[in-house]
*Asks:* 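Pasting in a structure now, in structure tokens, and then I'll have a few things to ask.
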Amino acid sequence: DVNAQILSDYWVTYITPHWDEYGICQQNLKLGLVPPLSGSFMNAYEASCGCFIRSELWACLCPGHPELAAKYAYEDAIVDHANEGVYSEIFTAALQSAAFIEKDVNKLIEIALSYVPENCAIADVTNIVLNGKKNGLDWKEVRKQIYTKYPDTFGDYRGFEDRPYEEWPETSSYNNAICNVGFTILGIIYGEGDFGKTICLCVNCGEDADCSAAT
């Protein structure tokens with residue numbers, strides 16, 4: 001019976017981070033905005049990585065049942081994310097749950113895609129990877145295609161790493177979940193079943209690498 005309302009009650013009581021999507025979620029909940037408004041209202045970070053990195057929980061609670069994992073992932077995601085951010089958690093939770101009983105990577109991706117809209121960016125970035133591999137492209141070229149179409153916040157700070165935070169440029173791109181899910185799929189596809197290679201590819205794609213590599 002776990003749903004977004006129960007999870008949002010726990011957010012207000014127990015979750016302490018106050019930055020980015022987490023902070024906006026907390027603020028919205030305290031204003032009385034219940035899910036999905038808590039994740040969508042005035043939330044520039046709605047497509048950030050903060051919910052798809054929780055997807056493993058639902059997969060492990062629902063092994064071999066991607067329909068249930070996707071259901072709980074949705075309830076979880078709408079508390080602090082919206083749109084592509086929500087799709088990112090549904091997609092990864094379904095894939096991970098199915099992986100308990102299905103080993104064919106392409107079949108797993110097909111299953112995961114069946115739970116998100118065909119025209120969403122999460123589906124698009126996944127297809128960029130699949131088409132790149134099919135067409136014999138190097139993983140670095142595929143990474144470039146992903147990042148060109150779905151730029152992330154971290155790239156805007158390149159060259160400012162050693163400067164005070166106050167000098168960092170403003171950024172209008174918070175598509176972290178889109179490109180990082182793409183990098184996760186890139187690692188899986190180009191890793192070709194080698195666990196170490198898969199992890200290294202995810203990390204070497206950069207951006208929010210702890211998220212993509214962990215997932």
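All heavy atoms count here, side chains included; hydrogens, waters and symmetry mates do not. Counting from 1, the numbers follow the sequence of the chain as shown.
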*Asks:* For the residue pair D80 and C51, establish whether any side-chain heavy-atom pair is separated by less than 4.5 Å.
*Replies:*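 They are in contact (side-chain heavy atoms under 4.5 Å apart), so the answer is yes.
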
*Asks:* Is the shortest side-chain heavy-atom distance between K71 and H65 below 4.5 Å?
*Replies:*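 When only atoms from C-beta onward are counted, H65 and K71 do not touch, as no gap falls below 4.5 Å.
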
*Asks:* Do you reckon V105 sits in the same ILVMFWY cluster as Y115, going by side-chain contacts under 4.5 Å, direct or chained?
*Replies:*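 Yes, one cluster joins them.
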
*Asks:* Nearest 0.5 Å please: distance from the CG atom of D76 over to the OG atom of S55.
*Replies:*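 D76 atom CG to S55 atom OG measures 9.0 Å (nearest 0.5 Å).
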
*Asks:* In terms of hydrophobic clustering (I, L, V, M, F, W, Y; side-chain heavy atoms under 4.5 Å; direct or indirect links), are F195 and V203 co-clustered?
*Replies:*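 Both belong to a single hydrophobic cluster.
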
*Asks:* Are any non-hydrogen side-chain atoms of I185 and L95 less than 4.5 angstrom apart?
*Replies:*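 Contact flag for I185/L95 side chains = yes.
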
*Asks:* Does anything in residues 91-103 pair up under salt bridge (Lys or Arg N to Asp or Glu O under 4.0 Å), and if so which pairs, sequence neighbours excluded?
*Replies:*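 Listed by first then second residue: nothing to list.
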
*Asks:* Hey, what do you get for CG (N28) to CZ (F41), rounding to the nearest 0.5 Å?
*Replies:*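 Those atoms lie 6.5 Å apart.
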
*Asks:* Side-chain donor-acceptor pair under 3.5 Å between N106 and E110, yes or no?
*Replies:*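 On atom types as modelled, these side chains do not qualify, holding no pair under 3.5 Å.
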
*Asks:* Do side-chain atoms of S114 reach the backbone of I111 as a donor and acceptor pair under 3.5 angstrom?
*Replies:*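 Yes, S114 side chain to I111 backbone: donor-acceptor pair under 3.5 Å.
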
*Asks:* Under the side-chain contact (heavy atoms from CB on, under 4.5 Å) rule, what do V34 and S8 come out as? Steps first, then yes or no, please.
*Replies:* CA-CA 8 Å; V34 299; S8 67; 6.0 Å; no

*Asks:* With the side chain counted from C-beta on, respond yes when D208 and D210 share a heavy-atom pair under 4.5 Å apart, and no when they do not.
*Replies:*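 They are in side-chain contact.
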
*Asks:* Looking only at non-hydrogen atoms, find the nearest pair between I178 and A121 and report the distance.
*Replies:*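 Smallest interatomic distance, heavy atoms only, reads CD1-CB, 3.7 Å.
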
*Asks:* Applying a strict under-4.5 Å side-chain criterion to I, L, V, M, F, W and Y, I'd like to know whether I78 and W11 cluster together.
*Replies:*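 Hydrophobic grouping puts I78 with W11.
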
*Asks:* Quick check: closest heavy atoms across G206 and N180, and the distance to 0.1 Å?
*Replies:*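 In this case the closest contact between G206 and N180 is O-OD1, 4.1 Å.
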
*Asks:* Let's go through F91 and Y87 carefully: what are the C-alpha distance in whole Å and the side-chain angles of both, what is the deciding distance for ring-ring contact (aromatic ring centres under 6.0 Å, His included) to 0.1 Å, and is it a yes or a no?
*Replies:* CA-CA 6 Å; F91 174 84; Y87 302 149; over 10 Å; no

*Asks:* Quick check: do F183 and C211 have side-chain heavy atoms less than 4.5 Å from each other?
*Replies:*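 When only atoms from C-beta onward are counted, C211 and F183 do not touch, as no gap falls below 4.5 Å.
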
*Asks:* Could you pull out the closest heavy-atom pair between G64 and I101, with the gap in Å?
*Replies:*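 What the structure gives for the nearest pair is O-CD1, 3.7 Å.
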
*Asks:* Between Y22 and R54, which heavy-atom pair has the shortest distance, and what is it?
*Replies:*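 Reported closest heavy-atom pair: CE2-NH1, 3.9 Å.
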
*Asks:* Is it true that V12 and L7 fall in one hydrophobic cluster, defined by side-chain heavy atoms closer than 4.5 Å?
*Replies:*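 They do share one cluster, since a chain of ILVMFWY contacts under 4.5 Å joins V12 to L7.
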
*Asks:* In sequence, state the C-alpha distance, the side-chain angles, and the governing distance for W139 and C205, and then conclude on side-chain contact (heavy atoms from CB on, under 4.5 Å).
*Replies:* CA-CA 9 Å; W139 72 268; C205 280; 3.9 Å; yes

*Asks:* If only atom types and distance count, is the side chain of S38 paired as donor or acceptor with the main-chain N or O of V79 below 3.5 Å?
*Replies:*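 Checked: pair present.
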
*Asks:* Looking at N135 and L137, would you say the former's side chain and the latter's main chain have a donor-acceptor pair under 3.5 Å?
*Replies:*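 No.
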
*Asks:* Do the side chains of L33 and V86 join up, straight or via other hydrophobic residues, at under 4.5 Å, putting them in one cluster?
*Replies:*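 Different clusters: L33 never reaches V86 through Ile, Leu, Val, Met, Phe, Trp or Tyr contacts under 4.5 Å.
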
*Asks:* Does T184 reach the main-chain N or O of S212 with its side chain, forming a donor-acceptor pair under 3.5 Å?
*Replies:*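 Side chain of T184 to backbone of S212: a pair is present.
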
*Asks:* Mind checking the CZ-CG spacing from R143 to D138? Nearest 0.5 Å is all I need.
*Replies:*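 The distance works out to 12.5 Å.
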
*Asks:* Is it the case that over 12 heavy atoms from other parts of the model lie below 6.0 angstrom from the OH atom of Y74?
*Replies:*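 Counting other residues, nucleotides and ligands, OH of Y74 stays at 12 neighbours or fewer.
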
*Asks:* Say whether, by atom type as modelled, one donor and one acceptor occur between the side chain of N176 and the main chain of S48 under 3.5 angstrom.
*Replies:*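 A pair under 3.5 Å: no.
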
*Asks:* Run the side-chain donor-acceptor check on residues 125-134: report pairs under 3.5 Å with partners two or more places apart or on a different chain.
*Replies:*
residue: T126; atom: OG1; partner: I122; partner atom: O; Å: 2.8
residue: N127; atom: ND2; partner: A123; partner atom: O; Å: 3.1
residue: N131; atom: ND2; partner: N127; partner atom: O; Å: 3.1
residue: K133; atom: NZ; partner: E192; partner atom: OE2; Å: 2.7

*Asks:* Looking at CD1 of I6 and CG of D9, how far apart are the two atoms once the value is rounded to the nearest 0.5 Å?
*Replies:*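 Output value for this atom pair is 7.5 Å.
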
*Asks:* Give the intermediate values and the outcome of side-chain contact (heavy atoms from CB on, under 4.5 Å) for residues K144 and K140.
*Replies:* CA-CA 6 Å; K144 182 178 180 180; K140 293 180 182 179; over 6 Å; no

*Asks:* Does Q96 reach the main-chain N or O of E56 with its side chain, forming a donor-acceptor pair under 3.5 Å?
*Replies:*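 Yes; judged by distance alone, with no hydrogens or angles, the pair exists.
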
*Asks:* Taking the side chain as every heavy atom from C-beta outward, state whether L61 and S97 have any atom pair closer than 4.5 Å.
*Replies:*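 Result no, sub-4.5 Å side-chain heavy-atom pair not found.
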
*Asks:* Please report the C-alpha distance between I189 and I109 in whole Å, then the side-chain angles of each, then the deciding distance to 0.1 Å, and finally whether the side-chain contact (heavy atoms from CB on, under 4.5 Å) criterion is met.
*Replies:* CA-CA 10 Å; I189 293 296; I109 292 174; 3.6 Å; yes

*Asks:* Are W58 and Y72 near enough that their ring centres are under 6.0 Å apart?
*Replies:*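 Yes, close enough.
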
*Asks:* Could you check if a side-chain atom of Y10 sits within less than 4.5 angstrom of a side-chain atom of I15, using non-hydrogen atoms only?
*Replies:*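 Sidechains of I15 and Y10: no contact.
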
*Asks:* Specify the closest pair of heavy atoms between I24 and A44, including all atoms of both residues, with the distance to one decimal.
*Replies:*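 Closest approach of I24 to A44, heavy atoms only: CD1-N, 4.2 Å.
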
*Asks:* Closest heavy-atom contact between E75 and A4?
*Replies:*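 Answer, listing the atom of E75 first, then A4: OE1-N, 2.8 Å.
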
*Asks:* Consider only side-chain N and O atoms of E21 and H81, and report whether a donor and an acceptor are under 3.5 Å apart.
*Replies:*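 Their side chains do contain a donor-acceptor pair, which is all the 3.5 Å distance test asks for.
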
